[in-house]
Structures are given as structure tokens and as C-alpha cells.
Amino acid sequence: MNVRAHMPLGSLTFGLLIGAVLVGCKSTGIGTGESPAGDIKASFTWQQSEPTSGLLKATVIRPGAAPKEYEGKFYQITKESRVETIAPLWNPWYPGWRGWQYWGPEPTDSFITHYTGHVVANLAGPAGERLRCHFRLLNSSKGMTGGGEGQCQLPSGETIKADFPPS
């Protein structure tokens, strides 16, 4: 039986249009942050177009300095995550980073276990600088739209506490 013969062309076109819109849906949101001393401020924007990854942008402002822009892919770590999928987090690795459990210069399965329910990112900035981030999701079933909180580490080793309200 030919389904198209029994379906009006307008209904078929409308159905295809709705399908295309749903496939192209993206979630977006914002966040804010500051250093423990309050002297370094940050603003974040994120856009998620895949179930467990998306784009994160950060603008970091230090007193008396021009704002620095960082950008890169973020990954939501789930029990199903695989080291191979999140390997870009280590490319390039910034040798000055220290102090975060399971986040060494090489990816391991223990990283997945430790960071399940978190979002992680390694963002590129000016002159090859990197900013790494990890956020505990407030509602991991909703991803970044459910909100999160955590921190980012600057190339200097300084940290920024980051908050993402539900969107």
C-alpha cells in the first residue's frame, strides 16, 4: 500500500518540517563565576546540540586586563561514556595543571567513574592558553539545562567557581 497516495501533500510537508525542526533543536544557557578572592570574574555561555556534548564559551576578566575568551567542546560524563569519545579533553594537555583527581596527562577509565554526572571541558584561549572546567550537574538526566556548579582552572593554576542556573 502506498502511504503517500493516502496522505495529503500538506500533511506530509508539515510532518517533514516538524521533524527537521526537532532534529535541529539546541539547548542554550549561561553561567557566571569568580575566583575565591573575587578579583577574577567569568561569564559563560553554552549550547548543547548533541545528547552529551556541546560548545562552552568563557570570558575571563582580571582587574586591569583585557577580557580573555576561551572556547571548546564540553562533555557530559555518563556511565556509558568511553575514554575514546572524550579523548579530545587531553588534546592539548596543559602541563601546569595539577590537583584534580583522576585528571592526569592521560585519559583513564577511572576518570569516567569519578566524573559520571559531571560536565567537563578543556577550552582553548589566546596564545595557546587553556582553561579546564568540571561541573557537577544538579539534575544529570536534564544535562546542562538542569543546571550545574563547579570550577574552572586557569593556566596560572588559579580557580574560578562557576554556577549555571537551570534553563
Side-chain angles (χ1 to χ4, degrees), residues 23-36 40-62 65-167:
V23 168
C25 284
K26 295 178 182 176
S27 299
T28 61
I30 59 170
T32 58
E34 69 178 30
S35 65
I40 303 170
K41 308 284 187 200
S43 62
F44 301 92
T45 60
W46 60 267
Q47 181 179 68
Q48 186 168 351
S49 55
E50 298 176 36
T52 57
S53 64
L55 180 68
L56 179 64
K57 294 181 181 181
T59 302
V60 177
I61 303 170
R62 291 177 176 271
K68 290 188 177 181
E69 304 284 334
Y70 296 85
E71 180 178 316
K73 190 169 185 174
F74 72 80
Y75 299 88
Q76 179 180 345
I77 307 302
T78 68
K79 290 183 235 177
E80 292 77 30
S81 295
R82 298 288 167 255
V83 170
E84 306 80 49
T85 307
I86 63 168
L89 286 169
W90 284 266
N91 187 18
W93 177 253
Y94 185 73
W97 284 334
R98 296 185 190 354
W100 288 10
Q101 287 186 311
Y102 305 101
W103 198 324
E106 297 293 325
T108 64
D109 288 332
S110 59
F111 180 91
I112 302 286
T113 303
H114 183 77
Y115 287 101
T116 293
H118 287 73
V119 162
V120 293
N122 178 354
L123 310 179
E129 290 184 5
R130 306 302 289 192
L131 177 73
R132 72 171 172 171
C133 303
H134 71 91
F135 315 114
R136 182 184 58 79
L137 295 171
L138 301 179
N139 185 341
S140 60
S141 67
K142 291 186 176 183
M144 286 292 284
T145 60
E149 54 190 27
Q151 66 178 346
C152 294
Q153 187 176 33
L154 295 159
S156 63
E158 296 167 290
T159 59
I160 298 169
K161 182 182 180 301
D163 292 299
F164 295 85
S167 58

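- Under the 3.5 Å distance criterion, the side-chain polar atoms of E71 are left unmatched by any main-chain donor or acceptor of L55.
- Evaluated for a side-chain contact (heavy atoms from CB on, under 4.5 Å) with V119, the options I77, L137, T52 yield exactly one hit, L137.
- For D109, the salt bridge (charged side-chain N to carboxylate O under 4.0 Å, His left out) criterion is met by no residue, not counting sequence neighbours.
- Remark: I160 CD1 to F44 CZ distance equals 5.5 Å, nearest 0.5 Å.
- Closest non-hydrogen pair, K79 versus T116, comes out as N-CG2, 3.8 Å.
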Quiz item: Can you check side-chain hydrogen bond (donor to acceptor under 3.5 Å, both in side chains) on T59 and E69, steps first, answer last?
Solution: CA-CA 5 Å; T59 302; E69 304 284 334; 2.9 Å; yes
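- For F111 and W90, the ring centers are positioned less than 6.0 Å apart.
- The salt bridge (charged side-chain N to carboxylate O under 4.0 Å, His left out) test with E34 singles out one residue from K161, R62, K41, and that residue is K41.
- Remark: Q47 CD to K26 NZ distance equals 4.5 Å, nearest 0.5 Å.
- Taking each heavy atom of G72 and L123 in turn, the nearest pair found is N-CD2, 3.4 Å.
- G146 approaches L138 most closely through the heavy-atom pair O-CB, 3.5 Å.
- Taking SG of C152 as the reference point, atom CZ of R132 lies at 10.5 Å (rounded to 0.5 Å).
- Here H118 contributes atom NE2 and C133 contributes atom SG; the two are 12.5 Å apart, rounded to the nearest 0.5 Å.
- Looking only at distances, no side-chain donor or acceptor of S140 sits under 3.5 Å from a matching main-chain atom of G117.
- Looking at every heavy atom in both residues, G31 comes nearest to P165 through CA-CD, 4.4 Å.
- No donor-acceptor pair closer than 3.5 Å links the side chain of T28 to the backbone N or O of T45.
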Exercise. Please assess L131 against L154 for the test side chain to side chain contact (heavy atoms under 4.5 Å, CB included), listing each intermediate value before the final yes or no.
Key: CA-CA 5 Å; L131 177 73; L154 295 159; 3.5 Å; yes
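- Using a 4.5 Å heavy-atom threshold, the side chains of T159 and P36 count as touching.
- Smallest separation of non-hydrogen atoms from V120 and Y115: CG1-CD2, 4.1 Å.
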Exercise. Step by step, work out the side chain to side chain contact (heavy atoms under 4.5 Å, CB included) result for H134 and H114.
Key: CA-CA 11 Å; H134 71 91; H114 183 77; over 6 Å; no
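- When K57, R130, E129 are each tested for a side chain to side chain donor-acceptor pair (under 3.5 Å) with Y70, only one passes: E129.
- Listed here is the closest heavy atom pair of I30 and F164: O-CD2, 3.5 Å.
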